[in-house]
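Input: a single structure, listed below in structure tokens.
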Amino acid sequence: MLKNTFCHLPGFGEKLEAYLWTKGVTTWDGVLDSSFVPVRKRTQPFRDFIAESAKRLQNSDVNWFAGFLPVNEHWRMFGEFSRSVAYLDIETNGLAGRSGYITTISLYDGERVHYYVKGRNLDKFTSDIKKFKLLVTYNGKCFDVPFIESQFRIKLNQAHIDLRHVLASLGFTGGLKGCEKSLGIDRDELSGLDGYFAVLLWNDFQRTRSSLTLDTLLAYNIQDAVSLETLMVTAYNLKLKKTPFQNTHNISLPAQPKLPFKADTETIRSVMKKNYRYSAKLKDFRLP
DNA sequence: CACCTCGACAAACCCACTAC
DNA sequence: GTAGTGGGTTTGTCGAGGTG
């Protein structure tokens, strides 16, 4: 999709790009010798910029594209760079602002699941994340990434697709779970849980040191990260429908990875019982 | 609850094109 | 050429929405 993208060129907006597509101009070389492109936008600086684009694409420099693409078109980077993606989700001990801390992190690379737990291996995250060129999150630009940056005192310089805004532009709102529901993405025994429940699980784990509790928390956290891939591919294909490339650039839905943890129903029940907020949900978690 | 980004909307600005 | 026009692009401001 980046090879068919012109709106990262200075002075090229969405309208001009869409117009050129209708005229059959779909490649960078095409721009340079199409009479549909104003002469001023075919001068040497533009030739140089396009040559630079080709070079950066060749060198897999996602970050360069992220700097020139309008943010609402960052989803386009996924096509060329879907194999350098880190799907990322964190859990914390609450929404307590600055006094809050990260409890667990899940990172899915499309094949393997990586997870990090406070007090065990959380610091390993900072070196692991450096291996990825592109981050995909839900609301991560507002929450996960600033939280990580402030807690670890690092800067995540990767290109970053925030699915919250991509999905909102497609008409899907209501949070990660809301979007999954609208798109028919199911999450069996973990449905009905939310971020606050992850806080309760962490508190319970602090008190009991129960490995079943931690497993349940990680199962939830990892499910969120893994779901991001399905959402990303779905959103990408839906976005493509508004371009002339829906038949050529479609990405097929990936197979689900084997998940390393299973949520424990009895733990969920027991933690729910202690919080009135989940009294209505409790009935969904009867023992078999 | 605190924090953060971006979409919406408006206004300013730029440029290709036309008429004379 | 020059001035006018209209559409597209860029810039600026503000509030909605989502995170555990």
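Throughout, a chain's letter reflects where its sequence line sits, starting with A, and its residues are numbered from 1. In what follows, every heavy atom counts, from backbone to side chain, and hydrogens, waters and symmetry copies are set aside.
- In this structure, the OH atom of A/Y101 is 19 Å from the P atom of B/dC3, given to the nearest Å.
- Per the geometry, CD belonging to A/E149 stands 13 Å off C1' belonging to B/dT5, to the nearest Å.
- Linking Ile, Leu, Val, Met, Phe, Trp and Tyr residues whenever their side-chain heavy atoms come within less than 4.5 Å places A/V233 and A/L170 in a single cluster.
- Annotation: A/W75 is not in aromatic contact with A/F81 [ring centroid separation under 6.0 Å not met].
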| remark: In 5'-to-3' order, the base (B), backbone-only (S) or no-contact (-) status of each nucleotide in nucleotides 4-20 of chain C, using a 4.0 angstrom heavy-atom cut-off, is ----SSS------BBBB
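- Atom CZ in A/F147 sits about 15 Å away from atom P in B/dT5, given to the nearest Å.
- Going from atom CG of A/L156 over to atom C1' of B/dT5 covers 16 Å, rounded to whole Å.
- Between A/D204 and A/V271, the closest heavy-atom pair is CG-CG2, 3.9 Å.
- Between A/P146 and A/V166, it is A/P146 whose nearest contact on DNA chain B lies nearer the 5' terminus.
- Using bins of under 30°, 30° to 60° and over 60° for the plane-to-plane angle, the ring pair A/F65/A/H8 lands in the tilted bin.
- Among the duplex regions that DNA chain C forms, those built from at least three successive Watson-Crick or G-U pairs under 3.5 Å are B:2-20 with C:1-19, ordered by first number.
- Between A/F261 and A/Y115, a ring centre-to-centre spacing shorter than 6.0 Å is recorded.
- A/R76 has a carboxylate O that lies under 4.0 Å from a charged side-chain N of A/E73, or vice versa, which qualifies the two as a salt bridge.
- Ring pair A/Y116/A/H114 is parallel by interplanar angle, where below 30° counts as parallel and above 60° as perpendicular.
- For CZ of A/R83, the number of neighbouring non-hydrogen atoms (other residues, nucleotides, ligands) closer than 6.0 Å is 12 at most.
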